[in-house]
Amino acid sequence: MFEEQIQMVDLHGQYLRFKEEIDEAMQAVIDGCAFINGPQVKTFAGHLAGYLQVPYVIPCGNGTDALQIALMALELQPGDEVILPAFTYIAAAEVVALLGLTPVLVDVDPRTFNIDPRKIEAAVSGRTKAIVAVHLFGQSCDMEPIMALADAYHLYVVEDNAQSIGADYTFSDGRVRKAGTIGHIGTTSFFPSKPLACYGDGGALMTSDEVLATRIRMIANHGQECKYHHKRIGCNSRLDTLQAAVLDVKLKHLEEFTEVRRQVASRYDEALSSCDSLIIPVRSTFSTHVYHQYTVQVKDGYRNALQHLLKEQGIPSMIYYPLPVHHQEAYRHISRISGCLDISARLCESVLSLPIHTEMSSEQQQYITDTLTKLK
Ligand SMILES: *Cc1c(COP(=O)(O)O)cnc(C)c1O
């Protein structure tokens, strides 16, 4: 039965659709044997820079490395504070802590799941040096007020764009920029389930600043200025040539992938908007949505029971994320909390992400929405 095959993400189905192109691209890498820093890496970085309309794209090993390299490139010092959302994936808090910086947690906007720009100013102290704006689930944070605050307090802004590559942010004067290219540095991940994904680990940084671009490139390559001459402490973080080849194929289809997920989201919106027990995700006025996740909020403490019932009907769902950063054992005592983080805590108890991907059939989706409306 088809419902037994419903998956959160159908990587194999998508591969089969582009098998010829992908196999050919991978075979070319194997034939060339330039597995590290092969020509495909540069080609892909150039294509991604063109797509994002940003001068510099520097590929690296994964999205977490990208965040770490970004903070290293900004030359933050131990004890400096970095503002982060309390409701997010752990990577940003993790690299902040690893570098001896202090995570300062700010609550999110329940409509967008992203950091609430109105709550950032109160979190700024004399030690604050940067804000990490995480673009969660497929929409950009509201970057205009964030950049204005950063300007006023001389802070850096890093955009963690692992989940929202391709989203367009519109400024109040009508200018449109791709998410991830507005702050000082943008980072992304090409983890297999992300909107732009490879067949293993991969990541990248983007910037419009030439000095930062040079520094980032150096840090990602052992801090080398030239071979065996190490100007700064760096790390080893590279995008494999095989992964770059896969990504270059997938980048060509990124807009089409996004469009398909938007259609799936629209069908969910239509079917679920009348469900009293669910809050469907809001589409921001200032950002397009690429629907990395379709995340509903389940009212009245019913989330875990609903997830269980869906599972019994063969429908997978995921809880992104079950704990806010300040409730994580490793981060509880090292974070500084700014204001009340109740919305983050509440979201962790009510969010549920439904299957959404490029291969979803309308029959599968009908089955999901029928089941959900019956269970509500
Ligand atoms: C996936 C993800 C990362 C980390 O990316 P990796 O490539 O797995 O290291 C960082 N931030 C966010 C928001 C993510 O979703």
Side-chain angles (χ1 to χ4, degrees), residues 8-9 11 44 48 57-72 82-99 103 105-106 108 112-115 130-141 143 146 157-167 179-180 183 185-206 216 219-220 235-240 242-244 246-247 250 261 281 287 289-295 318-325 328 330-331 344 347-348 351 353 356-357:
M8 288 300 289
V9 186
L11 298 178
F44 165 66
L48 185 59
V57 167
I58 302 103
C60 68
N62 59 67
T64 308
D65 278 4
L67 283 163
Q68 181 174 334
I69 294 164
L71 296 179
M72 289 168 80
V82 180
I83 292 174
L84 308 167
F87 179 72
T88 187
Y89 184 59
I90 205 65
E94 183 175 50
V95 301
V96 163
L98 276 174
L99 294 174
L105 305 175
V106 169
V108 297
T112 62
F113 306 109
N114 283 325
I115 193 164
I131 302 167
V132 180
V134 183
H135 303 316
L136 215 60
F137 300 156
Q139 288 188 115
S140 173
C141 295
M143 290 306 290
I146 293 174
V157 175
V158 174
E159 297 176 73
D160 179 352
N161 200 25
Q163 302 192 2
S164 304
I165 202 156
I185 303 177
T187 66
T188 198
S189 163
F190 305 124
F191 183 86
S193 63
K194 304 276 155 111
L196 178 60
C198 59
Y199 292 161
D201 276 313
L205 299 98
M206 42 234 110
I216 288 166
I219 291 168
C235 57
N236 172 29
S237 189
R238 300 182 283 235
L239 179 67
D240 283 354
L242 271 168
Q243 303 303 346
V246 172
L247 286 163
K250 293 235 217 162
R261 283 197 309 274
S287 172
H289 205 319
V290 303
Y291 290 103
H292 171 54
Q293 299 296 343
Y294 188 90
T295 303
M318 292 292 281
I319 296 167
Y320 302 120
Y321 295 92
L323 288 178
V325 176
Q328 296 286 355
Y331 296 89
S344 296
L347 287 174
C348 290
V351 287
S353 296
I356 188 163
H357 54 76

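Numbers here simply count residues along the sequence, with the first being 1. Atoms within each ligand, like the ligands themselves, are counted from 1 in listed order.
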Give the table of side-chain donor-acceptor pairs shorter than 3.5 Å for residues 194-202, with sequence neighbours excluded, one pair per line with atom names and distance.
none

Residues that Gln243 engages under side chain to side chain donor-acceptor pair (under 3.5 Å), provided they are two or more places apart: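 With sequence neighbours excluded, Gln243 shows a side chain to side chain donor-acceptor pair (under 3.5 Å) to no residue whatsoever.
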
Partner set under side chain to side chain donor-acceptor pair (under 3.5 Å) for Ser344, not counting sequence neighbours: Asp107

Any donor-acceptor N/O pair, Ser189 side chain to Ala162 backbone, under 3.5 Å: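 Absent.
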
Single hit among Val246, Leu247, Val57 for side chain to side chain contact (heavy atoms under 4.5 Å, CB included) with Phe44: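 Only one option passes, and that is Leu247.
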
Derivation and outcome, side-chain contact (heavy atoms from CB on, under 4.5 Å), residues His135 and Met143: CA-CA 10 Å; His135 303 316; Met143 290 306 290; 3.6 Å; yes

Under 3.5 Å, N/O to N/O: give me all the pairs between ligand 1 and the protein, one per line with atom names and distance.
residue	atom	partner	partner atom	Å
ligand 1	5 (O)	Ser189	OG	3.3
ligand 1	7 (O)	Gly63	N	2.8
ligand 1	7 (O)	Ser189	OG	2.6
ligand 1	9 (O)	Asn62	OD1	3.3
ligand 1	9 (O)	Gly63	N	3.3
ligand 1	9 (O)	Thr64	N	2.8
ligand 1	9 (O)	Thr64	OG1	2.5
ligand 1	11 (N)	Asp160	OD1	3.3
ligand 1	11 (N)	Asp160	OD2	2.6
ligand 1	15 (O)	Gln163	NE2	2.8
ligand 1	15 (O)	Lys194	NZ	2.9

